[in-house]
2 protein chains.
Amino acid sequence: MTSMSSRAPLPFDPVEEARRHWAGHGWADAAEGMAAVTSLMRAQAIVLARVEAVLRPLGLTFARYEVLMLLLFSGRGSLPLSRIGERLQVHPASVTNAVDRLEATGLVERTPHPTDRRTTLAALTPAGRELATKATEALNAEVFARPGLPADDVRTLVDVLATMRRGAGDF
Amino acid sequence: MTSMSSRAPLPFDPVEEARRHWAGHGWADAAEGMAAVTSLMRAQAIVLARVEAVLRPLGLTFARYEVLMLLLFSGRGSLPLSRIGERLQVHPASVTNAVDRLEATGLVERTPHPTDRRTTLAALTPAGRELATKATEALNAEVFARPGLPADDVRTLVDVLATMRRGAGDF
DNA sequence: CTCAAATACTTGGATACCCAACTATTGAAG
DNA sequence: CTTCAATAGTTGGGTATCCAAGTATTTGAG
């Protein structure tokens, strides 16, 4: 899932380094895309590590935090597992797993769908609602409010990634 | 590790949606950072899925592909496991795991370090070298050459992410 | 020189995620 | 209506990643 303890910085940008190698191997036309993909992976790992470090003391992982927030923002605090998977872009089996654990710690409850007996709803418990709020306040203070980038760059990043996601059929 | 089969697009941008909720809960000051983090996670998942889909038929995962490429670009095609972990930003245990599997499929060999007996080197085999090249050509053609973004945006993305990574101590 | 601290790697335990396969329901075609 | 395809969830199997702890070796302090 995450983290990385906190290694020492490299003396050079590994993405730049890889780009040079790509060019040297006659792959120059793909070098820029490779750089984008590699940057994305590394940046995601770094951010995920920061997020998980904040959530760990609260007994949460990012995956479970996302489920909690989705429920918190849903009208009645409950959703079919299938909707959760769609929204979070994860496999149904991953939802089963996350809800299992949230249920085991009393943050969520499974309840039957009123009309469709195939469907199971995940419903926030009061403890789940409270923890979701507390976790968000911690994340806001320690990560989201300090993205490690100037505000302009943050907006640019969000916009470019939105373009990419739209093109990939995320929404 | 990855993928997602290929769900139907959502009828709205979930990141935008979350931003509205953040504002509505009095967390407006952290909304932009939240959007950046969430976008990054989703975009990474999408790209990783594309990459893994290309590598799967070759019997590789992205983690192992990265190890192979690192070795390919190193002078003699061999590196201490510790260097691999530093470069790829992963825990030593993850390197052990990846090298175990690469070794089991004959793509890499463990050899003792000539002077430091604590250290183990991972060395590319001819098969490993060949597969690394073939996998790169597949990735170049199917992913890196079509990042799903205009060239300008790709460059912007790489630059912004480099700024973020530098600030986070990636290099 | 000796011994404690640092470094390198592995192992065991845990979480997350995917896929394939399977059960249960619902829905739609005939 | 009956039947078969589609939908919802779960289970079992596999990979990746992390952390904590343990072994081996090297390095540095005194």
Side-chain angles (χ1 to χ4, degrees), chain A residues 1-8 41-42 44-46 48-53 55-57 59-67 79-86 88-105 110-122, chain B residues 1-8 41-42 44-46 48-53 55-57 59-67 79-86 88-105 110-122:
Chain A
M1 289 195 355
T2 298
S3 223
M4 174 61 338
S5 25
S6 68
R7 296 157 317 63
M41 300 291 188
R42 292 185 84 98
Q44 186 265 355
I46 289 167
L48 181 58
R50 287 185 62 191
V51 167
E52 298 263 12
L55 293 178
R56 195 184 331 283
L60 281 179
T61 63
F62 186 59
R64 292 179 230 167
Y65 169 74
E66 284 187 300
V67 173
L79 285 174
L81 301 205
S82 55
R83 317 271 303 112
I84 297 176
E86 285 164 20
L88 301 183
Q89 302 260 287
V90 295
H91 195 280
S94 300
V95 178
T96 295
N97 181 289
V99 171
D100 280 351
R101 294 172 192 281
L102 288 169
E103 197 169 29
T105 46
R110 275 186 173 85
T111 65
H113 187 286
T115 69
D116 187 339
R117 292 193 301 178
R118 292 171 300 183
T119 300
T120 300
L121 301 177
Chain B
M1 274 223 7
T2 298
S3 220
M4 175 64 330
S5 29
S6 68
R7 299 157 316 63
M41 301 291 189
R42 292 185 84 98
Q44 186 267 352
I46 290 168
L48 182 57
R50 288 185 61 192
V51 167
E52 298 262 13
L55 293 177
R56 195 184 332 284
L60 282 178
T61 62
F62 186 59
R64 292 180 230 167
Y65 169 74
E66 284 188 299
V67 172
L79 284 175
L81 301 205
S82 53
R83 314 267 299 111
I84 297 176
E86 286 165 17
L88 301 183
Q89 304 259 286
V90 295
H91 194 278
S94 300
V95 179
T96 294
N97 181 289
V99 171
D100 280 351
R101 294 171 192 281
L102 288 169
E103 198 170 26
T105 46
R110 276 186 172 85
T111 64
H113 188 287
T115 68
D116 187 339
R117 292 193 301 179
R118 291 172 300 185
T119 300
T120 299
L121 301 177

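Hydrogens, waters and symmetry mates are skipped; everything else that's a heavy atom, side chains included, is used. All figures in this text were calculated on a predicted structure; none of them were measured in a lab.
Of the two residues near DNA chain C, A:Asp116 and A:Val95, the one whose nearest nucleotide lies more 5' is A:Val95.
A 4.5 Å side-chain heavy-atom check between B:Arg110 and B:Asp100 finds at least one atom pair inside the cut-off. Counting only heavy atoms from C-beta outward, the side chains of A:Leu121 and A:Pro114 approach each other to under 4.5 Å.
Within 4.0 Å of B:Ser82, counting heavy atoms only, lie sugar-phosphate atoms of the nucleic acid but no base atom. Counting any heavy atom pair closer than 4.0 Å across all strands shown, B:Arg64 reaches sugar-phosphate atoms only and no base atom. Within the 4.0 angstrom heavy-atom criterion, only backbone atoms of the sugar-phosphate kind lie near B:Thr120; the bases stay farther away. Using a 4.0 Å heavy-atom criterion, one finds that A:Ala93 contacts the bases of the nucleic acid, with or without backbone contacts as well. Counting non-hydrogen atoms under 4.0 angstrom, B:Asn97 reaches a base of the nucleic acid. Here B:Arg110 lies in heavy-atom contact (under 4.0 Å) with sugar-phosphate atoms only.
Set against D:dT10, C:dA16, C:dT10, the side chain of B:Thr96 has C:dT10 as its closest nucleotide. With C:dA8, C:dG27, D:dT17 as the candidates, the nucleotide lying closest to the side chain of B:Arg118 is C:dA8. Here the side chain of A:Thr119 is nearest to one of D:dA8, D:dT17, D:dT10, namely D:dA8.
If you take CD of A:Glu66 and C1' of C:dT15, they are 14 Å apart, rounded to a whole angstrom. If you take CG of A:Leu81 and C1' of C:dT25, they are 15 Å apart, rounded to a whole angstrom. Rounded to whole angstrom, the span from the CZ atom of B:Arg42 across to the C1' atom of C:dC17 amounts to 15 Å. One can place OH of A:Tyr65 at 21 Å from P of C:dT15, the figure rounded to the nearest angstrom. Atom CE in A:Met41 sits about 15 Å away from atom C1' in D:dT17, given to the nearest Å. One atom, CG of B:Asp100, and another, C1' of C:dT10, lie 9 Å apart when rounded to the nearest Å. Look at CG on A:Leu60: it is 13 Å from C1' on C:dT15, rounded to the nearest Å. Taking atom CD1 of B:Ile84 as the reference point, atom C1' of C:dT10 lies 15 Å away to the nearest angstrom.
Minimum heavy-atom separation, B:Leu60 to B:Glu52: O-OE1, 4.4 Å. Between B:Gly85 and B:Val95 the shortest heavy-atom distance is CA-CG2, 3.5 Å. Of all the heavy atoms in A:Arg42 and B:Leu88, the pair that sits closest is NH1-CA, 4.3 Å. When all heavy atoms of A:Met41 and B:Phe62 are compared, the closest pair comes out as CG-CE2, 3.9 Å.
In this structure, B:Thr61 reaches the D:dA16 phosphate: one of its side-chain N or O atoms is under 4.0 Å from OP1 or OP2. Distances shown here put every side-chain N or O of B:His91 at or beyond 4.0 Å from the OP1 or OP2 atom of D:dT17. Between C:dA8 and B:Arg117, no contact under 4.0 Å exists linking OP1 or OP2 to a side-chain N or O. Remark: A:Arg101 is in phosphate contact with C:dA16, judged by side-chain N or O atoms under 4.0 Å from OP1 or OP2.
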